[in-house]
**Student:** 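Sharing a structure here in structure tokens format.
For clarity, every value in this text was computed on a predicted model and none was experimentally measured.
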Amino acid sequence: MRNFKLFVLVNLIMFTACQKSTEYIITSDNGNFSVSDFEEITTGMSYDKVVEIMGEPTGTSGYGIVWEVYGLNDGSYIKMLFTGYKQILTKIIMVDKNGKEIEFKK
């Protein structure tokens, strides 16, 4: 019974930790992109290819699962999720100034 309680406690802590997220953390000052700058970017691209086209991300977002972020010149941002061994772009989302997320269907 003691092991079961410990198991439940550990899972509860892990679940709570996974629910937390952080705001966009700025790591550089080059957030002067516009949405049209992302026309070449599509899911399935490698992280290296995206950086070759766009340059280094302007920050990160998330806790546990970390998104690469590019700040836009209007105060919103684009966040990208790269997964797998080869860091393949799997999701692109724009977050407007009010926090509303709009998924790019590319």
Side-chain angles (χ1 to χ4, degrees):
M1 186 63 154
R2 182 172 182 240
N3 286 341
F4 179 73
K5 288 180 182 179
L6 182 60
F7 174 77
V8 170
L9 179 62
V10 169
N11 282 316
L12 182 61
I13 291 169
M14 289 176 61
F15 177 75
T16 303
C18 291
Q19 296 300 314
K20 294 180 182 177
S21 65
T22 59
E23 295 297 317
Y24 164 37
I25 300 170
I26 299 172
T27 57
S28 69
D29 59 357
N30 60 343
N32 291 318
F33 295 100
S34 67
V35 173
S36 63
D37 294 330
F38 294 85
E39 290 177 355
E40 291 183 56
I41 307 302
T42 60
T43 56
M45 285 185 165
S46 70
Y47 175 83
D48 291 337
K49 183 65 176 174
V50 172
V51 170
E52 180 184 312
I53 295 169
M54 299 300 301
E56 290 291 328
T58 58
T60 60
S61 176
Y63 180 85
I65 296 175
V66 178
W67 297 71
E68 300 299 329
V69 174
Y70 288 89
L72 302 179
N73 53 16
D74 67 355
S76 57
Y77 58 92
I78 301 282
K79 65 181 189 176
M80 300 181 189
L81 180 62
F82 293 87
T83 58
Y85 171 71
K86 295 186 178 185
Q87 291 297 290
I88 302 301
L89 178 59
T90 56
K91 214 169 235 207
I92 307 169
I93 295 178
M94 185 179 121
V95 181
D96 70 14
K97 292 180 273 189
N98 299 319
K100 181 180 177 186
E101 294 187 353
I102 305 161
E103 187 170 351
F104 280 51
K105 303 285 184 189
K106 288 186 156 194

**Student:** Check the pair Trp67 / Val95 against side chain to side chain contact (heavy atoms under 4.5 Å, CB included), numbers first and verdict last.
**Tutor:** CA-CA 12 Å; Trp67 297 71; Val95 181; over 6 Å; no
**Student:** What residues form a salt bridge (Lys or Arg N to Asp or Glu O under 4.0 Å) with Glu101, not counting sequence neighbours?
**Tutor:**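 Partners of Glu101 under the salt bridge (Lys or Arg N to Asp or Glu O under 4.0 Å) test: Lys79.
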**Student:** Quick check: do Pro57 and Tyr77 have side-chain heavy atoms less than 4.5 Å from each other?
**Tutor:**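 No, side chains not in contact.
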**Student:** Drop me the distance from Ile92's CD1 to Ile78's CD1, to the nearest 0.5 angstrom.
**Tutor:**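 Those atoms lie 8.0 Å apart.
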**Student:** Within the structure provided, determine whether Ile53 and Met45 are in side-chain contact (heavy-atom separation under 4.5 Å).
**Tutor:** yes
**Student:** Tell me whether Thr58 contacts the main-chain N or O of Val69 through its side chain, where contact means a donor paired with an acceptor under 3.5 Å.
**Tutor:** yes
**Student:** Any side-chain heavy atom of Met80 within less than 4.5 Å of one from Ile41?
**Tutor:**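 With C-beta onward as the side chain, the pair touches.
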**Student:** Taking all non-hydrogen atoms of both residues, which atom of Tyr47 and which atom of Phe82 are closest, and how far apart?
**Tutor:** CA-CE2, 3.3 Å
**Student:** Is the side chain of Thr90 donor-acceptor paired with the backbone N or O of Thr83 at a distance under 3.5 Å, no angle test?
**Tutor:** no
**Student:** Can you tell me how far apart NZ (Lys100) and OG (Ser76) are? Round to the nearest 0.5 Å.
**Tutor:**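 Atom-to-atom, Lys100:NZ and Ser76:OG are 12.5 Å apart.
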**Student:** Test of understanding: with salt bridge (Lys or Arg N to Asp or Glu O under 4.0 Å), list the residues that count as partners of Lys91, not counting sequence neighbours.
**Tutor:** none
**Student:** List in chain and number order the residues that pass side-chain hydrogen bond (donor to acceptor under 3.5 Å, both in side chains) with Glu52, two or more places apart in sequence or in another chain; answer none if no residue qualifies.
**Tutor:** Lys49
**Student:** How close do Leu81 and Val66 get, heavy atom to heavy atom, and via which atoms?
**Tutor:**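 Scanning both residues, the minimum pair turns out to be CD1-O, 4.1 Å.
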**Student:** Quick check for you: to the nearest 0.5 Å, what is the distance between Ile88 atom CD1 and Thr43 atom OG1?
**Tutor:** 10.5 Å
